[in-house]
Amino acid sequence: MKKIIFLGVLGLFLLGSCNSKSGSANSSEGHANCTGTHDHEGDNHEGHDHGSEGHDHEGHDHGAEGHEGHDHGNEAAANSHSDEIIFPKEKADAAGIKVSEIKPGSFQQVIKTSGKVLAAQGDESVAVATVAGVVKFRGKVTEGMNVGKGSPLVSISSSNIAEGDPVQRARIAYDVSKKEYERMKELLKSKIVSDKEFAQAEQTFQNARISYEALAQNHSAAGQTITSPIGGYVKSILVKEGDYVTIGQPLMSITQNRRLFLRAEVSEKYYASLRSIGSANFRTPYDNKVYELKELNGRLLSFGKAAGDNSYYIPVTFEFDNKGDILPGSYVEIYLLSSAMEQVISVPRAALTEEQGHFFAYQQLDEEGYKKVEVTLGADNGKSVQILSGISSGDRIVTQGAYQIRLASASNAIPAHSHEH
């Protein structure tokens with residue numbers, strides 16, 4: 001009895017299952033499948049799987065295609081910022097990054113050349129030997145040391161020279177001529193000697209006196225002392241300890257370094273432009289610093305009207321105050337400043353970087369974003385460079401710390417972009 005009840009319940013369950021399927025499929029097909037054999041139920045199951053496969057392909061895969069479309073949009077957004085360099089503000093402040101808004105302004109046309117810094121006339125003097133003898137330095141005398149007027153530099157000893165000590169010889173000559181002069185003076189009163197003989201004796205005495213007083217003034221047991229003719233700095237030492245020198249031989253060069261000459265050598269092709277030159281900037285090789293003559297009370301002295309016999313260059317000479325540590329005798333790069341050009345885009349030299357002969361600057365896009373831009377250069381005045389293309393008025397350009405931005409660009413890769421503008 002229980003078995004009959006169980007079979008009846010099972011039949012009702014199968015019938016309900018067939019009815020539910022027939023609601024979603026063709027009613028006749030569902031009815032046929034329900035009244036079929038077990039094999040037909042297997043066929044129906046395969047049909048259901050096929051429908052499921054169709055559902056998976058059309059629905060789920062289609063959704064995946066929609067997801068791929070979303071990724072493609074993110075990729076396009078990232079590519080649009082692929083040339084941007086991210087440099088956080090706190091790091092920029094620590095690195096000393098400075099940004100300036102570029103505006104057109106006045107810019108002076110420049111002729112770039114080379115030249116030399118020279119001591120100005122009257123600001124340099126030479127100490128020479130007043131006697132012949134052997135040189136001995138008075139203390140530690142070195143180039144660049146500060147000396148006052150009359151400071152002892154060297155002593156020249158003539159004690160072992162065959163001619164003898166010139167001071168002693170001058171003193172003997174002075175004593176002899178003095179006695180002869182006094183004798184002639186007494187004889188002149190008695191008209192024993194003529195006026196001509198007395199005048200000759202007086203001339204000999206006066207010459208001997210002048211010579212002796214000049215030598216005896218700086219004479220000591222060590223020899224004849226040579227002093228500095230002016231106050232200033234020892235520019236160059238022309239002799240060594242123990243050298244033998246003759247009368248009039250240069251020993252040391254002393255310079256005051258207060259006024260200096262800047263002598264530029266300009267190619268003949270710029271001769272027509274020389275009349276419009278008014279000032280200059282120059283860069284020294286020992287500190288790589290650019291000096292402006294207008295800040296050093298500089299002025300143009302002259303420019304040559306012809307090239308030298310052995311040169312194809314025309315000299316242009318300026319004079320200026322030595323307010324800095326400028327070394328006379330040094331060779332420098334010179335930027336001759338000619339007529340001014342108006343409405344010129346220019347940037348400081350520090351704003352530029354070079355890569356394989358091309359020049360670049362870095363434009364600030366926002367607080368943390370920068371962009372590398374290639375620029376075409378024009379005239380160069382030593383501090384700023386004219387920009388012919390690549391930068392426009394109003395652009396915010398890195399004027400200090402461009403090298404740090406360049407280093408950041410080498411390691412800064414932007415991910416699927418999260419930086420917002």
Side-chain angles (χ1 to χ4, degrees), residues 105-127 141-151 153 227-238 250-267 270 273-305 308 313-341 346 348-350 379-385:
S106 177
F107 191 88
Q108 288 182 289
Q109 187 177 359
V110 175
I111 299 174
K112 184 177 179 181
T113 184
S114 61
K116 190 175 183 180
V117 177
L118 305 171
Q121 296 176 356
D123 271 8
E124 187 169 324
S125 185
V126 178
V141 181
T142 59
E143 293 182 352
M145 69 176 292
N146 189 10
V147 294
K149 183 178 181 180
S151 299
L153 300 175
T227 61
S228 176
I230 60 173
Y233 302 89
V234 177
K235 177 183 178 181
S236 59
I237 300 175
L238 307 175
L251 303 176
M252 292 187 190
S253 175
I254 312 298
T255 180
Q256 293 178 330
N257 269 3
R258 292 181 302 186
R259 293 287 286 177
L260 297 175
F261 283 163
L262 178 66
R263 180 185 173 96
E265 301 290 340
V266 184
S267 174
Y270 296 113
S273 303
L274 295 183
R275 296 183 183 277
S276 62
I277 290 176
S279 186
N281 299 340
F282 64 95
R283 181 192 302 274
T284 55
Y286 42 84
D287 59 6
N288 204 32
K289 182 179 179 181
V290 175
Y291 294 88
E292 299 182 23
L293 289 190
K294 67 179 181 180
E295 297 180 355
L296 300 175
N297 193 27
R299 65 188 182 96
L300 175 66
L301 292 181
S302 64
F303 65 90
K305 304 302 187 290
Y313 295 93
I314 301 172
V316 180
T317 306
F318 300 86
E319 185 182 29
F320 63 95
D321 291 337
N322 187 8
K323 296 181 180 180
D325 297 326
I326 302 173
L327 180 65
S330 59
Y331 289 90
V332 295
E333 294 181 10
I334 301 176
Y335 305 87
L336 300 177
L337 305 181
S338 184
S339 56
M341 299 181 288
S346 64
R349 291 174 62 92
D380 185 341
N381 65 10
K383 295 187 69 175
S384 300
V385 182

Point to revise | Sub-6.0 Å ring centroid separation between Phe320 and Phe282 | key: yes

Say you draw a straight line from [atom1] of [X] to [atom2] of [Y]; how long is it, rounded to the nearest 0.5 Å?
{"X": "Lys235", "Y": "Glu143", "atom1": "NZ", "atom2": "CD", "result": "10.5 Å"}
{"X": "Glu333", "Y": "Thr284", "atom1": "CD", "atom2": "OG1", "result": "9.5 Å"}
{"X": "Ser276", "Y": "Ile111", "atom1": "OG", "atom2": "CD1", "result": "6.5 Å"}
{"X": "Ile334", "Y": "Ser114", "atom1": "CD1", "atom2": "OG", "result": "7.0 Å"}
{"X": "Leu293", "Y": "Asn281", "atom1": "CG", "atom2": "CG", "result": "7.0 Å"}
{"X": "Ser267", "Y": "Ile314", "atom1": "OG", "atom2": "CD1", "result": "7.5 Å"}

Could you pull out the closest heavy-atom pair between [X] and [Y], with the gap in Å?
{"X": "Val332", "Y": "Arg283", "answer": "CB-O, 3.4 Å"}
{"X": "Pro229", "Y": "Ser125", "answer": "CG-OG, 3.3 Å"}
{"X": "Pro250", "Y": "Val126", "answer": "CB-CG1, 3.7 Å"}
{"X": "Leu262", "Y": "Ala280", "answer": "CD2-CB, 4.5 Å"}
{"X": "Gln256", "Y": "Gly231", "answer": "CG-O, 3.0 Å"}
{"X": "Arg263", "Y": "Pro315", "answer": "NH2-CB, 3.5 Å"}

**Study point:** Phe261 CZ: over 12 foreign heavy atoms closer than 6.0 Å
**Key:** yes

Compare all side-chain heavy atoms of [X] with those of [Y] and state whether any distance is below 4.5 angstrom.
{"X": "Val234", "Y": "Thr142", "answer": "no"}
{"X": "Ile277", "Y": "Phe303", "answer": "no"}
{"X": "Val266", "Y": "Tyr313", "answer": "no"}
{"X": "Val110", "Y": "Leu337", "answer": "yes"}

**Study point:** Carboxylate-amine/guanidinium proximity below 4.0 Å for Arg258 and Asp321
**Key:** no

Check your understanding: Are Ser302 and Thr317 linked by a side-chain donor-acceptor pair shorter than 3.5 Å?
Key -> no

Point to revise | Matching residue for Leu153 among Val147, Leu251, Thr227 - test: side chain to side chain contact (heavy atoms under 4.5 Å, CB included) | key: Val147

Revision key, fill the gap. Hits for side chain to side chain donor-acceptor pair (under 3.5 Å) against Lys383, two or more places apart or cross-chain, chain-then-number order -> Glu292

**Study point:** For Asp380, all residues meeting side chain to side chain donor-acceptor pair (under 3.5 Å), sequence neighbours excluded
**Key:** Arg349

Check your understanding: When you measure from the side chain of Tyr291 to the backbone N and O of Ile326, does any donor-acceptor pair fall under 3.5 Å?
Key -> no

